[in-house]
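A short worksheet on the structure shown next.
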Amino acid sequence: MRRSRYGIAYIILILLVLILLAVNICAGSVQVPFSDVWKILGGQKADAVFADIVLKIRFPRALAAAILGGGLALSGYLLQTFFHNPIAGPFILGISSGAKLIVALVMVAALGRAVQLSSLTLILAAFIGAMISMGFVLLMSRVMEQMSMLIVSGVMIGYICTAITDFVVTFADDADIVNLHNWSKGSFSGISWENVLVMSIVIFLTTFCVFLLSKPISAYQMGESYAQNMGLNIRVFRALLVLLSSVLSACVTAFAGPVSFVGIAVPHLAKSLFGTAKPICMIPGCFLGGAAFCLFCDLLARVVFAPTELSISTVTAIFGAPVVIFIMVRKKKERG
Amino acid sequence: MAETDYLYTEGLSVGYHGVPLIQDIALSLKKGEILTLIGPNGAGKTTILKSLIKQLEPLGGVVCLDGQEMKTMSGKELSKKLSVVLTERVKPELMSCEDVVATGRYPYTGRFGVLSKQDHKIVREAMELVHIMELADRDFQKTSDGQKQRVMLARAICQEPDIIVLDEPTSFLDMKYKLEFLSILQNMSRNRNLSVVMSLHELDLAGRISDKIACVKGDRIDRFGTPEEIFSKGYMKELYRMTTGDYDERTGNLELEAVKGEPKVFVLSGNGSGTAVYRRLQREGVPFVAGVLWENDLDYPSARALAVEVVSVRPFCRIEEETLKRAKALIDKCDKVIGTIKAEDMGEFYRELKELEEYAKGKLQKEQI
């Protein structure tokens with residue numbers, strides 16, 4: 001019974017990701033017929049403009065949305081596990097914003113000296129930022145007994161980092177500032193194939209590590225005391241969770257800036273879809289769900305007011321924030 | 001510290017943040033024995049238990065399990081020997097009770113924690129043992145506290161330990177489940193040679209189930225021994241620093257505080273007929289005396305706890321003239337005499353009591369329940 005439900009859930013998610021990938025490549029200010037896309041991807045002769053749009057812009061962008069979306073959802077899932085709190089996520093805890101701040105600083109410094117930054121440098125910068133924010137959140141979590149207060153302090157850290165980023169971006173004097181501005185609001189635009197390659201390596205490797213942790217995660221879900229009695233080394237495990245979730249959200253931020261709510265909404269939706277919170281189902285489930293969610297949101301961001309493009313966070317917030325409210329209301333109900 | 005002790009501690013001192021709470025703890029337990037920690041709230045029972053399961057670093061001394069110092073054991077080794085039922089609330093999302101029980105198999109499963117047929121069988125067996133088969137598919141979060149507690153016991157059992165450590169396991173259970181829960185532990189200790197360490201608040205149950213009892217008082221283990229050694233007269237009142245009411249170690253009889261003052265009522269009682277009347281008078285705030293009671297009478301413990309004075313006779317002895325005189329003097333002081341002894345109990349030894357009844361005449365009021 002359960003197995004078949006998991007199977008159906010996976011099939012739905014995989015189909016959703018494939019369909020959305022296709023639609024994302026076809027749709028836009030210039031409509032590319034699907035038959036042409038098929039030809040282009042197959043290496044056959046097709047319209048040169050279409051080929052450029054598909055190969056240089058839309059295909060890498062769609063892939064990036066899928067990969068980064070998956071990584072982001074997974075990062076949220078890990079943080080929720082870590083804090084035993086369903087509304088923890090990289091954006092709401094200020095981790096994305098911390099990553100954004102350091103990346104912005106590095107970018108502005110590099111632009112000033114006309115240095116080209118590699119993808120890896122950006123990821124590294126984002127990772128440092130993510131770890132700084134994460135450090136603050138962890139310090140706070142020692143002082144704050146209440147989880148809601150922890151979330152509030154995370155949001156505050158996020159605001160501070162965003163404020164400093166805006167300040168830096170505003171006063172940086174360069175033509176590239178427009179790009180920087182878009183990025184700091186969250187966007188999947190301007191992704192190159194080199195970017196896609198680097199992010200795939202980082203995200204897929206990390207996801208694989210997370211998958212290897214699925215058994216300890218299941219123990220941790222029983223609470224720390226019981227997990228410890230099951231033979232889990234809590235300290236090492238917690239450190240790994242922090243590290244992996246930071247790598248994931250740092251990688252996303254380095255390429256797409258801060259993307260809101262995916263980390264909270266997707267794991268929750270995936271849990272409802274699968275009817276379980278077992279990590280061995282949830283890790284691939286969250287990844288696929290995050291991919292589909294971000295593909296869908298990026299599609300709307302590009303298409304709804306085309307040629308004007310919305311920032312990705314605007315769209316993810318519209319669909320993600322209600323989910324958060326729903327979770328909180330339900331939690332309250334369960335207690336009352 | 002005999003060779004055969006499965007678990008023992010030596011000079012163990014426990015506490016938080018480097019501040020010792022309880023020191024010089026020397027406990028020992030053989031295979032198949034049940035050890036219970038008793039003591040007032042906040043005495044540090046949980047702290048000791050946490051140190052015994054390696055969740056709290058001892059501040060000094062050693063804990064040895066199965067001949068090996070616990071400090072040197074890996075988490076995995078320990079998890080195959082020791083399982084726990086704690087007071088920590090578990091809130092697993094979307095897990096059935098069977099899923100929760102199955103987490104006990106964790107130390108035995110492979111890298112991805114997939115359960116084998118054998119694992120499933122052990123899970124089922126543990127659930128049958130605790131009588132929770134009907135809960136198998138229920139959402140764990142939606143069960144009652146008592147049901148949760150039994151699920152957690154099944155979980156601990158299917159971890160196949162040599163020793164189970166339980167922190168106040170019976171707190172959320174009603175009478176039926178309390179007895180059932182402890183019976184399961186007792187059967188497992190007898191039949192599977194399982195050792196049990198737990199803390200209990202129910203002194204009567206502790207005295208019945210435990211092979212050994214440790215009393216936590218102040219900064220030390222005040223007493224450690226068999227229930228017979230522990231339950232000496234007046235000790236529980238001292239251990240729990242009871243300032244009101246009374247506890248009788250022999251019968252487990254617990255009474256509220258006695259009403260003090262000049263006695264107004266004499267309760268002529270015996271063979272268990274008086275206890276209900278004593279308690280009613282206590283509720284009404286009426287000071288009373290009770291008599292004449294043999295010290296082995298059913299009424300004696302509550303009379304001792306509640307009456308201003310008890311006119312008593314040594315067991316298996318006749319009532320002497322001196323005792324009768326005292327009783328008559330007290331009847332004179334009281335406004336009322338309540339006679340509760342049933343007609344069928346008025347045997348040969350009732351003769352002297354009959355004399356008192358006649359002496360009280362005008363004040364006597366029969367209350368034979």
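Because only heavy atoms are used, hydrogens play no part in the values below, and waters and symmetry mates are left out as well, while side chains stay in. Lettering follows sequence order; numbering is per chain, from 1.
Both the backbone and the side chain of B:L86 come within contact range of chain A, judged by heavy atoms closer than 4.5 Å. Contact annotation for A:P216: both backbone and side-chain heavy atoms come within less than 4.5 Å of a heavy atom of chain B. Both the backbone and the side chain of B:Q55 have a heavy atom closer than 4.5 Å to some heavy atom of chain A. Of the atoms belonging to B:R105, not a single heavy atom falls under 4.5 Å from chain A.
Taking the six-membered ring where tryptophan is involved, the planes of A:Y10 and A:F274 are perpendicular, since the angle between them exceeds 60° and thus also 30°. Using cut-offs of 30° and 60° on the angle between ring planes, the pair A:Y220 and A:F237 is tilted. Using a 30° and 60° split on the angle between ring planes, A:F204 and A:F287 fall in the tilted class, from 30° to 60°.
A:T81 and A:Q221 are not linked by any side-chain donor-acceptor pair at a separation below 3.5 angstrom, with hydrogens and angles left out of the test. In the model, B:D162 has a side-chain atom that pairs as donor or acceptor with a side-chain atom of B:Y6 under 3.5 Å.
Ranking B:E93, B:M95, B:K80 against chain A, the residue ahead of the rest is B:E93, based on heavy-atom pairs under 4.5 Å. By number of non-hydrogen pairs under 4.5 angstrom with chain B, the leading residue of A:L212, A:L232, A:N233 is A:L212. The greatest number of non-hydrogen atom pairs below 4.5 Å with chain A, out of B:R111, B:K54, B:R89, B:K76, is found for B:R111. Chosen from B:V85, B:V114, B:D99, the residue pairing most often with chain A at heavy-atom distances under 4.5 Å is B:D99. Among B:S74, B:P107, B:G110, the residue with the largest count of heavy-atom pairs under 4.5 Å with chain A is B:G110. The most heavy-atom pairs under 4.5 Å with chain A, out of B:V84, B:L82, B:V90, come from B:V84. Comparing A:A219, A:G231, A:S225 by heavy-atom pairs within less than 4.5 Å of chain B, the highest count is held by A:S225. Of the listed residues B:P92, B:S79, B:G104, the one with more heavy-atom pairs under 4.5 angstrom with chain A than any other is B:S79. The candidate from A:K271, A:K278, A:H84 with the greatest count of non-hydrogen atom pairs under 4.5 Å with chain B is A:K271.
The main-chain N or O of B:T109 is found under 3.5 Å from a side-chain atom of A:K215 such that the two form a donor-acceptor pair. With hydrogens and angles ignored, the 3.5 Å screen pairs no side-chain donor or acceptor of A:Y6 with any backbone N or O of A:G275. With hydrogens and angles disregarded, a donor-acceptor distance shorter than 3.5 Å links the side chain of B:E33 to the backbone of B:K30.
Between A:R238 and A:E224 the shortest side-chain heavy-atom distance falls below 4.5 Å.
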